[in-house]
Each structure stands twice: as C-alpha cells, then as structure tokens.
Amino acid sequence: MSQTFLQEVASRSGVSLGACFHCLSCAAGCPALEIMDFRPNQIIRMIQRGMKNQVLESRTIWICIGCFNCLDQCPNRVDIPCLMDTLRQMALEQGFMVAEPGILAFHKEFLRQVKNRGRIFEVGFMMRYKLATGKLFQDMRPGLQMMLKGRLQLSPSRVRRPQEFQQRLGGSP
C-alpha cells in the first residue's frame, strides 16, 4: 500500500484523515449524497489505501457542495469540505478528467468571483456559468422567479477590506 498519496493529501489539506472512524455521521448530513459515487468516509478510506486514480476520478470530489453539514455532524471534526477542495485541485493539477459535465466551469467561476470580490454575485455568476457551458436558457424560469421574489442581488458587493482579504488568500492586494 502506497503512503505517498495519503501523505500528500494530508499535507496539502491539513486534514487529519486518521481521525475518521467511519461512523457515517458525515453521510447522514450530506444533501448531495444520493448523487455521489462514494460516501465521504469511503473517499477517506480510499485515500488511506492509496487509491489515487479512483479518488481523483470520482464524481464525489466534484459533487461536494461544501455546505459543512458533514463537518458539523462529525464527532472528530474531520474537515471534509477542505479535503474535497484539495482533491479537486490535485485532480486538476494532475490532469484527471472531471467526472461531472459543466462542474469545472462552475468551480472556476466560483473561485474567480471569490478571488475578485470576496463573495459571489449570483446573477453574474449564473450568467458566466451559463455562457461557459453553452446552456443559456437552462434554469431560466427558476432564476427569473428568484429575481422577482428579491432573492437575487442585482448589483455585486465586495468584502469590506479587499486588500486584507487578498492577503489572506495568499495573493498580493
């Protein structure tokens, strides 16, 4: 069993993978579990077993929405959203195919918006994502309904101290 993958993931994510005792609390709180190919604890077990290709090719790392329910439910506070972020970055860096169509465009636009503004401007985010995927009219009706109900901001906002935020991201202001 290769420990290289386990060590790399643990080092890059800062997540203590040995703390998971596979109680399935993370799965109990996950709203996206039904469309994942592996439960979060299974991903951890696969990492422990050195199953790099299966982990980095899995749908689960892209399906995780980072809602933190798993972290709230975990008795050992294993930071699965941070782990999934790390695995997505590793998959991209190492040239693995993204298992979910359109999700890479979503991921890139999300990161671009956070980097530029410190938060998401939903209308701009949806427009850029739809342009990137070529599905301009998909979800048009729910989007309009949300806009009519005032659930979407019509103008972007930024974090209060953008220079401080950029420094925390590791970039220059």
Side-chain angles (χ1 to χ4, degrees), residues 1-120 122 125-126 128-130 132-135 138-139 165-172:
M1 181 177 353
S2 170
Q3 293 294 309
T4 307
F5 183 53
L6 171 62
Q7 290 167 349
E8 183 181 1
V9 172
S11 172
R12 289 181 65 165
S13 68
V15 175
S16 175
L17 299 169
C20 176
F21 51 70
H22 305 277
C23 66
L24 299 177
S25 295
C26 56
C30 180
L33 187 68
E34 289 184 22
I35 55 176
M36 291 178 170
D37 49 0
F38 300 104
R39 293 186 307 264
N41 73 301
Q42 289 176 308
I43 291 290
I44 291 173
R45 176 64 75 201
M46 292 162 69
I47 294 167
Q48 291 168 333
R49 292 181 170 212
M51 300 167 68
K52 179 180 175 179
N53 289 352
Q54 292 90 338
V55 169
L56 297 182
E57 291 172 347
S58 77
R59 295 177 63 210
T60 298
I61 66 173
W62 295 100
I63 295 293
C64 173
I65 56 175
C67 67
F68 294 90
N69 280 341
C70 52
L71 185 57
D72 288 341
Q73 300 291 323
C74 179
N76 291 332
R77 306 289 295 161
V78 176
D79 192 343
I80 291 173
C82 179
L83 175 65
M84 296 299 177
D85 283 342
T86 300
L87 294 171
R88 284 189 287 265
Q89 288 303 315
M90 289 175 70
L92 291 175
E93 289 168 7
Q94 297 176 26
F96 282 85
M97 293 287 294
V98 176
E100 280 296 306
I103 205 147
L104 182 57
F106 186 92
H107 181 72
K108 285 181 177 177
E109 182 56 26
F110 182 88
L111 293 178
R112 191 189 74 75
Q113 292 233 351
V114 169
K115 182 179 178 187
N116 288 345
R117 292 190 184 91
R119 51 184 69 171
I120 302 297
E122 292 96 351
F125 177 80
M126 287 188 297
R128 288 181 156 272
Y129 171 68
K130 295 297 180 187
T133 59
K135 298 177 180 176
Q138 183 186 31
D139 304 322
F165 179 76
Q166 288 296 325
Q167 288 173 342
R168 287 183 181 215
L169 284 179
S172 57

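Side chains included, hydrogens not; waters and symmetry mates left out as well; all remaining heavy atoms used.
In this structure, CE on Met46 lies 13.5 Å from CG on Leu6, to the nearest 0.5 angstrom. For the atom pair SG (Cys20) and CD1 (Ile43), the distance works out to 11.5 Å, reported to the nearest 0.5 Å. Rounding to the nearest 0.5 Å gives a distance of 6.0 Å between NZ of Lys52 and CE of Met90. Asn41 contributes atom CG, which lies 9.5 Å from atom OG of Ser25 (distance to the nearest 0.5 angstrom). Note that CZ of Phe125 is 16.0 Å distant from CZ of Arg119, once rounded to the nearest 0.5 Å. Taking CD1 from Ile120 and CD from Gln113, the interatomic distance works out to 5.0 Å, rounded to the nearest 0.5 Å.
Heavy-atom minimum distance, Val78 versus Ser16: CG2-O, 4.1 Å. Contact record, Leu33 with Arg39: CD1-CG, 3.7 Å, taken as the closest heavy-atom pair. Here the shortest heavy-atom pairing between Cys82 and Ser13 reads SG-O, 3.3 Å. Smallest separation of non-hydrogen atoms from Met36 and Pro40: SD-CD, 4.3 Å. Considering every non-hydrogen atom in both Thr60 and Met84, the closest pair reads CG2-CE, 3.8 Å.
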Walk me through whether Phe5 and Val55 qualify under side chain to side chain contact (heavy atoms under 4.5 Å, CB included). CA-CA 10 Å; Phe5 183 53; Val55 169; 4.1 Å; yes
Dump the intermediate steps for side chain to side chain contact (heavy atoms under 4.5 Å, CB included) on Leu87 and Trp62, then the final yes or no. CA-CA 9 Å; Leu87 294 171; Trp62 295 100; over 6 Å; no
With side chain to side chain contact (heavy atoms under 4.5 Å, CB included) as the criterion, how do Arg12 and Gln89 come out once you've worked through the C-alpha distance, each side chain's angles and the decisive distance to 0.1 Å? CA-CA 10 Å; Arg12 289 181 65 165; Gln89 288 303 315; 4.2 Å; yes
Before you tell me yes or no, could you show the steps for Val15 and Ile80 under side chain to side chain contact (heavy atoms under 4.5 Å, CB included), namely the whole-Å CA-CA distance, both residues' side-chain angles and the distance that decides it to 0.1 Å? CA-CA 8 Å; Val15 175; Ile80 291 173; over 6 Å; no
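Around CZ of Phe110, the count of heavy atoms belonging to other residues, nucleotides or ligands within 6.0 Å does not exceed 12. Within a 6.0 Å sphere centred on CD of Glu34, other residues, nucleotides and ligands contribute 12 heavy atoms or fewer.
Looking only at atom types and distance, the side chain of Arg45 has a donor-acceptor partner in the side chain of Gln48 under 3.5 Å away.
In this structure the side chain of Ile61 never reaches within 4.5 angstrom of the side chain of Phe38, judged on heavy atoms.
When the salt bridge (Lys or Arg N to Asp or Glu O under 4.0 Å) test is applied to Glu57, no partner is found at least two apart in sequence or on another chain. A search for side-chain hydrogen bond (donor to acceptor under 3.5 Å, both in side chains) contacts involving Arg112 returns Glu109, not counting sequence neighbours. Among residues two or more places apart in sequence or in another chain, the salt bridge (Lys or Arg N to Asp or Glu O under 4.0 Å) test is passed with Asp139 by Lys130.
Under the side-chain hydrogen bond (donor to acceptor under 3.5 Å, both in side chains) criterion, the residue pairs touching residues 68-86 are Asp85-Arg88, with sequence neighbours excluded. Residue pairs meeting the salt bridge (charged side-chain N to carboxylate O under 4.0 Å, His left out) criterion with at least one partner in residues 23-32, sequence neighbours excluded, do not occur; the list is empty.
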Side-chain atoms of residues 96-105: list all donor-acceptor pairs with protein atoms under 3.5 Å, sequence neighbours left out, distances to 0.1 Å.
{"from": "Glu100", "atom 1": "OE2", "to": "Arg59", "atom 2": "NE", "distance (Å)": "2.3"}
{"from": "Glu100", "atom 1": "OE2", "to": "Arg59", "atom 2": "NH2", "distance (Å)": "2.8"}

